[in-house]
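All values below were derived from every heavy atom in this structure, side-chain atoms included, with hydrogens, water molecules and symmetry-related copies excluded.
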Amino acid sequence: MPNKMKDIKKDITFICTDKVERQCCEPIAIEALKRGYKVTITDNPMHKCEIGFYLSHVNWPKNSKFSVITLHDLTQQHGEWPIMWKNEFWNIFDVGFLPSKIWADMWHDASCYDFVRPRYGCYLSGWIKADKTVSQDFTKEKEKIISDYGIDPTKKTVLYAPSWEWDGRQVEIAESVRDLDVNLIIKQFPLSPDKFPEQVRIIKEVDEKTRALGLKNVFILDTQINIFNAIALCDVLVSEESSTLSEAMLMERNSIAVTDWLVPDVNPPRKPECNYDFVIKTAKKDLRETIIKVLENKEYKENIQKYRRLNFPNVGHGAQVVMDVLDSLIDGSSNSIPRIEELQLQPTPKEYLRSINSRKKLLKHIEFKKTVVDKNKFLLCIWNILKALKNILRH
């Protein structure tokens, strides 16, 4: 066991800067309490910690005696895949956890770079946020939402859950299903009015316009409802590039990405990035027909079930996996969970440049011998004498 671990107390702090990060941490916090750890949850990223658990894009693990890193989003930095770690260095942490085989494979392929590798490796934990989906309370929460909103549970249900609201598309999808015998439930991301005032304003406006349509089969959920509770209600999810596409797959629900819905996180708004092969892609003009096709075809359901089984381990007990690993690192207890295999390290940029310079010198050396020395008998004789002297001196 590393010497550093001997003085680490069973005191863990979760640094959660928003509600989604908190939802990711809560199952681990509960499991840690069961194992006798002192648990703190804070939104202060500079908090001094014994064991610090981090999920954000930017973190300060130097404030922790022992630091843990994981993802807050299944599609985190998807524009930078397969090596998102070039933007978020993980070698500043002690240990890392990844949510799926897809992520584990990406990490393995990138592990030849030092900045990708936590000091004590990475482990495949599963998606911790999904642990709650197998709890008894989860079914009760689903039934309560159905009752509170008056949703007809006998009908097929479409869930609209975008990463960003833009260009009135919430109203657009409501109008597209108005005459279908389905429920449409709408779940926007729980944005902070302080951080995203414009998006909050836009969502408020489209909510008012959607309600003005007077459609009895359309239900706007409270944004604070856990996304898994919303997914549990649906048969198919519609988005553009949100992590909800992956979370729907985890719950064996098909998802549809509308490829020409623009994303306003830059100016001008950009086209969405959706590179996941399990997502069904469509243009907005074909959205209605695509929804009908997915709801009616059982093959889509069978394909997503198979994909989920292959890629998401430990559903329901991911928090136990995390704590088993932490226990083994902190107090040396036994642990059968393997580290994700690492590739041989590539040289650092400094080492790489040094090797390039050495290679250039060698090439010049070879080129000089071929083009100058070998063509002159006198020079070749001197070259061989010097080479013999070098070998004698070496010994």
### Message
Run the ring pair (Phe, Tyr, Trp, His ring centres under 6.0 Å) test against Phe312 and tell me which residues pass, sequence neighbours left out.
### Response
none
### Query
Where the side chain of Ser125 meets the backbone of Gly318, is there a donor-acceptor pair that is under 3.5 Å apart?
no
### Query
Between Tyr276 and Ser255, does any side-chain donor sit less than 3.5 Å from a side-chain acceptor?
no
### Query
His57: what forms a ring pair (Phe, Tyr, Trp, His ring centres under 6.0 Å) with it, not counting sequence neighbours?
His72
#### Entry: Fellow cluster residues of Leu343, listed by chain then number, with links counted only when side-chain atoms sit under 4.5 Å apart
none
### Task
If a pair satisfies salt bridge (Lys or Arg N to Asp or Glu O under 4.0 Å) and one of its residues is in residues 305-326, list it, with sequence neighbours excluded.
Arg35-Asp324
### Task
Please go through Val263's hydrophobic cluster and name the other residues, only I, L, V, M, F, W, Y counting, with side-chain heavy atoms under 4.5 Å joining them.
Val20, Trp164, Phe189, Leu191, Phe196, Val200, Ile203
### Query
Do any pairs count as a salt bridge (Lys or Arg N to Asp or Glu O under 4.0 Å) and have a residue in residues 215-230, sequence neighbours left out, and if so which ones?
none
### Task
For Thr282 and Thr290, test the side chains for any donor-to-acceptor distance below 3.5 angstrom and give the result as yes or no.
yes
### Summary
Taken in chain and number order and not counting sequence neighbours, the residues that satisfy ring pair (Phe, Tyr, Trp, His ring centres under 6.0 Å) with His317 are none
### Query
Among all residues two or more places apart in sequence or in another chain, which pass the ring pair (Phe, Tyr, Trp, His ring centres under 6.0 Å) test with Trp261?
Tyr160
### Query
Quick check: does any side chain N or O of Ser147 sit under 3.5 Å from a backbone N or O of Glu143, one acting as donor and the other as acceptor?
no
### Message
Just by distance, no angles: are the side chains of Tyr307 and Asp277 close enough, under 3.5 Å, to form a donor-acceptor pair?
### Response
yes
### Query
Is Ile185 close to Thr157 at the side-chain level, that is, under 4.5 Å between some pair of heavy atoms?
yes
### Task
Answer yes or no: is there a donor N or O on one side and an acceptor on the other, between the side chain of Ser100 and the main chain of Trp103, under 3.5 Å?
yes
#### Entry: Sequence-distant partners of Glu341, side chain to side chain contact (heavy atoms under 4.5 Å, CB included), two or more places apart
His108
### Query
Which of parallel (below 30°), tilted (30 to 60°) and perpendicular (above 60°) describes Phe93 and Tyr54?
tilted
### Query
Do the rings of Trp90 and Trp85 sit parallel, tilted or perpendicular, given the 30° and 60° boundaries?
perpendicular
### Summary
Joining Ile, Leu, Val, Met, Phe, Trp and Tyr whenever any side-chain heavy atoms lie under 4.5 Å apart, the cluster holding Leu345 also takes in none
#### Entry: salt bridge (Lys or Arg N to Asp or Glu O under 4.0 Å) contacts touching residues 181-196 (sequence neighbours left out)
Lys155-Asp181
Taking only distance into account, with no hydrogens and no angle test, what donor-acceptor pairs under 3.5 Å do side-chain atoms of residues 37-46 form with protein atoms, sequence neighbours excluded?
unit_1 : atom_1 : unit_2 : atom_2 : d
Tyr37  : OH     : Asp327 : OD1    : 2.6
Thr42  : OG1    : Asn44  : N      : 3.0
Asn44  : OD1    : Met46  : N      : 3.0

